[in-house]
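Below: the structure, in structure tokens.
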Amino acid sequence: MASHTVSIVGSGHTKFGRLDALTLEDLIVSATREALADAKIDASEIDAVYLGHFNSGMVPDGFASSLVHQASPDLRFKPATRCENACASGAAALFAGMAAIQAGQAEVVLVVGAEKMTSNSTEDVTRALAGAGYQNSEQERALSFPQVFAIAAQAYTERYQDPMSAMAAIASKNHHNALANPLAHMHRALSVEACNTVSDKNPMIAPPLRLSDCSLITDGAAAVVLVSAARAKQFQKEVAIRATAHVSDLLPMSARDFLAFEGPQKAMAQALQQAGITTADLDFAEVHDCFTIAELLIYEALGLAPKGQGHRVLDDGTVMRGGALPVNLSGGLKAKGHPVGATGVSMHAISFRQLTGQAGEMQIDAPELGLVFNMGGTGVANYASVLQAKRA
């Protein structure tokens with residue numbers, strides 16, 4: 001068994017959705033205060049703060065790291081750093097917080113992820129997110145992320161088989177799971193048939209991707225309190241971060257085989273190997289379904305099915321609630337929502353609650369091990385974590 005050096009001892013999580021009345025600062029402050037209260041720790045005990053926040057022009061707050069200090073006077077003068085790695089900014093902040101503890105520079109770290117997106121038009125958000133693509137290629141620079149993942153779906157059809165039915169099943173699964181998550185952006189059951197049919201309610205966004213294949217533009221924040229393994233003994237609730245891996249790949253899509261998803265595959269394999277486990281040992285996974293084709297590729301990158309056969313784990317129920325490895329019990333980015341900088345922290349906060357029996361209607365029976373996979377870009381920034389319940 002791999003030894004661990006850092007634990008999660010508290011979490012905070014705002015509602016995800018269109019939160020018109022709340023600013024980025026409001027979201028950060030709310031998640032921070034809840035995480036500190038959940039850990040039963042005073043703000044004065046925090047040694048360092050890391051904020052995951054993408055922005056890319058979506059809000060005017062270009063210097064957001066110290067907005068966390070508004071949560072408590074006792075946070076004033078604590079070192080705060082913003083971390084940005086596209087849609088994996090949240091995981092980047094969490095890994096930075098872990099590194100500070102592992103280096104002996106801190107014992108207690110607050111990690112917050114936040115994004116305010118819905119005050120922009122869909123076109124403006126699409127343009128902002130596209131900035132995470134390769135800008136030194138005229139062809140790639142012209143692509144939105146729906147168009148990028150549409151290319152993946154088209155390539156999948158050409159190399160393997162038509163993935164659209166499997167993608168519809170993923171969308172339906174995650175919408176169903178979100179019904180049990182009161183924090184999710186969308187609480188709307190969608191049948192596989194509805195997701196697999198182009199209609200007025202499910203229009204084509206970037207052929208062959210339909211609206212139901214795309215994650216939501218969302219506001220929200222999440223936070224976790226990290227402590228050293230030794231310090232964790234003082235807390236009522238603890239989840240060990242048993243293993244982590246961060247793998248970065250080339251930015252130009254033209255330099256990679258998109259469908260191979262090598263960055264995600266390497267990150268998840270390294271985390272599992274470091275933890276000394278296989279996928280058979282996992283009780284659940286929260287993964288980066290920015291588009292339904294991404295979740296399908298993640299199944300294959302994780303080794304749940306051979307390349308081109310990801311549909312099998314949908315057909316046999318493996319990844320469904322009640323299956324051998326339920327994926328995205330929270331509703332995933334598809335239905336929980338995808339406030340970019342918050343996503344990686346949200347995954348860890350939700351998994352912490354799952355492993356400490358606090359997941360409410362999302363709760364499964366006595367989980368011991370969970371996998372988190374947060375991705376930036378087209379498999380460019382890849383962060384995988386194995387979390388383990390620590391029971392008295």
Check: When you look at CZ of Arg188, are more than 12 heavy atoms from neighbouring residues, nucleotides or ligands closer to it than 6.0 Å?
Finding: no

Check: Between Asn181 and Gly331, is there a donor-acceptor pair closer than 3.5 Å when you use the side chain of the first and the backbone of the second?
Finding: no

Item checked: His4/Gln388 under side-chain contact (heavy atoms from CB on, under 4.5 Å): CA gap, chis, key distance, verdict -> CA-CA 10 Å; His4 82 279; Gln388 181 176 19; over 6 Å; no

Next item on the list: Quick one: do Glu45 and Glu107 satisfy side-chain contact (heavy atoms from CB on, under 4.5 Å)? Show the steps, please.
Entry: CA-CA 9 Å; Glu45 296 183 67; Glu107 279 201 335; over 6 Å; no

Next item on the list: Over all heavy atoms of both residues, which pair between Leu211 and Asn202 is shortest? Give the atoms and the distance, please.
Entry: N-OD1, 3.3 Å

Next item on the list: Please collect all salt bridge (charged side-chain N to carboxylate O under 4.0 Å, His left out) contacts where either partner lies in residues 269-295, sequence neighbours excluded, each pair once.
Entry: Lys173-Glu295

Margin query: Looking at Gln234, I want to see if its CD is surrounded by more than 12 non-hydrogen atoms of other residues, nucleotides or ligands under 6.0 Å.
Written below: yes

Check: Checking Asp47 side chain against Val109 main chain: does a donor-acceptor pair fall under 3.5 Å?
Finding: no

Check: Taking all atoms of both residues into account, what is the closest heavy-atom pair of Ala349 and Ala223, and its distance?
Finding: CB-O, 4.2 Å

Next item on the list: State, with a plain yes or no, whether a side-chain heavy atom of Asp38 is found less than 4.5 Å away from one of Gln358.
Entry: yes

Note to self: Please check this pair: side chain of Thr32 against backbone of Ile28, looking for a donor-acceptor N/O pair closer than 3.5 Å.
What the structure shows: yes

Next item on the list: Without swapping roles, check the side chain of Gln363 against the backbone of Ala359 for a donor-acceptor pair under 3.5 Å.
Entry: yes

Note to self: Donor-acceptor pair, distance only, cut-off 3.5 Å: does the side chain of Gln270 make one with the backbone of His246?
What the structure shows: no

Note to self: Under a 3.5 Å threshold, yes or no: a donor from one side chain and an acceptor from the other, between Lys390 and Ser7?
What the structure shows: no

Check: Does Val380 share a hydrophobic cluster with Tyr134, counting links as ILVMFWY side-chain heavy atoms below 4.5 Å and allowing steps through other members?
Finding: yes

Notebook entry, point to check: Does Ser172 reach the main-chain N or O of Leu190 with its side chain, forming a donor-acceptor pair under 3.5 Å?
Noted result: yes

Next item on the list: Indicate the atoms forming the closest heavy-atom contact of Gln70 with Val29, along with that distance.
Entry: CB-CG2, 3.7 Å

Next item on the list: Drop me the distance from Leu314's CG to Met167's CE, to the nearest 0.5 angstrom.
Entry: 11.5 Å

Note to self: When you compare the side chains of Thr292 and Asp213, does any donor N or O come within less than 3.5 Å of an acceptor on the partner?
What the structure shows: yes

Next item on the list: Indicate yes or no: at least one non-hydrogen side-chain atom of Phe95 is less than 4.5 angstrom from one of Ser385.
Entry: yes

Notebook entry, point to check: Does the pair Val111 and His348 meet the rule for a side-chain contact (heavy atoms from CB on, under 4.5 Å), with working shown?
Noted result: CA-CA 11 Å; Val111 177; His348 287 84; over 6 Å; no

Check: side-chain contact (heavy atoms from CB on, under 4.5 Å) with His185: which residues, sequence neighbours excluded?
Finding: Phe16, Leu216, Thr218

Checklist line | Closest non-hydrogen atom pair between Ala271 and Ala245, with its separation | finding: N-CB, 3.8 Å

Checklist line | Val108 reachable from Val68 in the ILVMFWY side-chain graph, under 4.5 Å edges | finding: yes

Next item on the list: Using only heavy-atom distances, determine whether the side chains of Glu115 and His53 contain a donor-acceptor pair under 3.5 Å.
Entry: yes

Item checked: Side-chain ion pair, Glu34 and Arg353, N-O less than 4.0 Å -> yes

Next item on the list: Can you measure from CG (Leu355) to CD1 (Ile8) and round to the nearest 0.5 angstrom?
Entry: 8.5 Å

Check: Which residue pairs pass the salt bridge (charged side-chain N to carboxylate O under 4.0 Å, His left out) test when at least one of the two sits in residues 354-368, sequence neighbours left out?
Finding: Glu368-Arg391

Check: Which atoms form the tightest heavy-atom contact between Met117 and Pro339, and what is the distance?
Finding: SD-CA, 3.6 Å

Check: Got Leu67 and Val112 here, is their nearest side-chain heavy-atom distance under 4.5 Å?
Finding: no

Checklist line | CG-CG distance between Leu302 and Leu282, expressed to the nearest 0.5 angstrom | finding: 7.0 Å

Notebook entry, point to check: Are any non-hydrogen side-chain atoms of Met375 and Cys290 less than 4.5 angstrom apart?
Noted result: yes

Check: Going from OG1 on Thr279 to CE on Met268, what distance comes out if it is rounded to the nearest 0.5 angstrom?
Finding: 10.5 Å

Notebook entry, point to check: In Å and rounded to the nearest 0.5 Å, what is the OG to CD distance from Ser121 to Glu123?
Noted result: 4.5 Å

Note to self: Check whether Gln102 reaches the backbone of Thr5 with its side chain - one donor and one acceptor, N or O, closer than 3.5 Å.
What the structure shows: no

Margin query: Using a 3.5 Å distance criterion without hydrogens, assess whether the side chain of Arg159 forms a donor-acceptor pair with backbone atoms of Gln154.
Written below: no

Check: Is there a path of hydrophobic side-chain contacts, each under 4.5 Å between heavy atoms of I, L, V, M, F, W or Y residues, that connects Ile41 with Val239?
Finding: no

Notebook entry, point to check: Are the side chains of Thr23 and Asp26 in touch, meaning some heavy atoms are under 4.5 Å apart?
Noted result: yes

Notebook entry, point to check: Under the 3.5 angstrom rule, does the side chain of Arg256 hit a backbone N or O of Thr378 as a donor-acceptor pair?
Noted result: yes

Margin query: Whether the Tyr156 and Glu300 side chains hold a donor-acceptor pair (N or O, under 3.5 Å, no angle test) is what I'd like checked.
Written below: yes

Notebook entry, point to check: Is there a path of hydrophobic side-chain contacts, each under 4.5 Å between heavy atoms of I, L, V, M, F, W or Y residues, that connects Leu325 with Leu272?
Noted result: yes

Item checked: Side-chain heavy atoms of Ile350 within contact of Met362, under 4.5 Å -> yes

Checklist line | More than 12 heavy atoms from other groups under 6.0 Å of NZ on Lys307 | finding: yes

Checklist line | Between His175 and Lys334: side-chain donor-acceptor atoms closer than 3.5 Å | finding: yes

Note to self: Could you check whether any side-chain heavy atom of Arg312 comes within less than 4.5 Å of a side-chain heavy atom of Pro306, counting everything from C-beta outward?
What the structure shows: yes

Check: Quick one: does Lys78's side chain get under 4.5 Å of Leu110's, heavy atoms only?
Finding: no

Check: Is Val327 reachable from Met186 through a run of I, L, V, M, F, W or Y residues, each pair having side-chain heavy atoms under 4.5 Å apart?
Finding: no

Item checked: Shortest non-hydrogen contact between Gly220 and Ala342, atoms and distance -> O-CB, 3.6 Å

Note to self: Can you classify the ring geometry of Phe291 versus Phe149 as parallel (below 30°), tilted (30 to 60°) or perpendicular (above 60°)?
What the structure shows: parallel

Item checked: Under 3.5 Å: donor-acceptor pair, side chain of Asn374, backbone of Cys87 -> yes

Note to self: Set out, in order, the CA-CA distance, both residues' side-chain angles and the distance that settles side-chain contact (heavy atoms from CB on, under 4.5 Å) for Cys195 and Arg210, then state yes or no.
What the structure shows: CA-CA 8 Å; Cys195 293; Arg210 303 143 302 199; 5.8 Å; no

Note to self: If I take atom CD1 from residue Ile241 and atom CG from residue Leu226, how far apart are they, to the nearest 0.5 angstrom?
What the structure shows: 5.0 Å

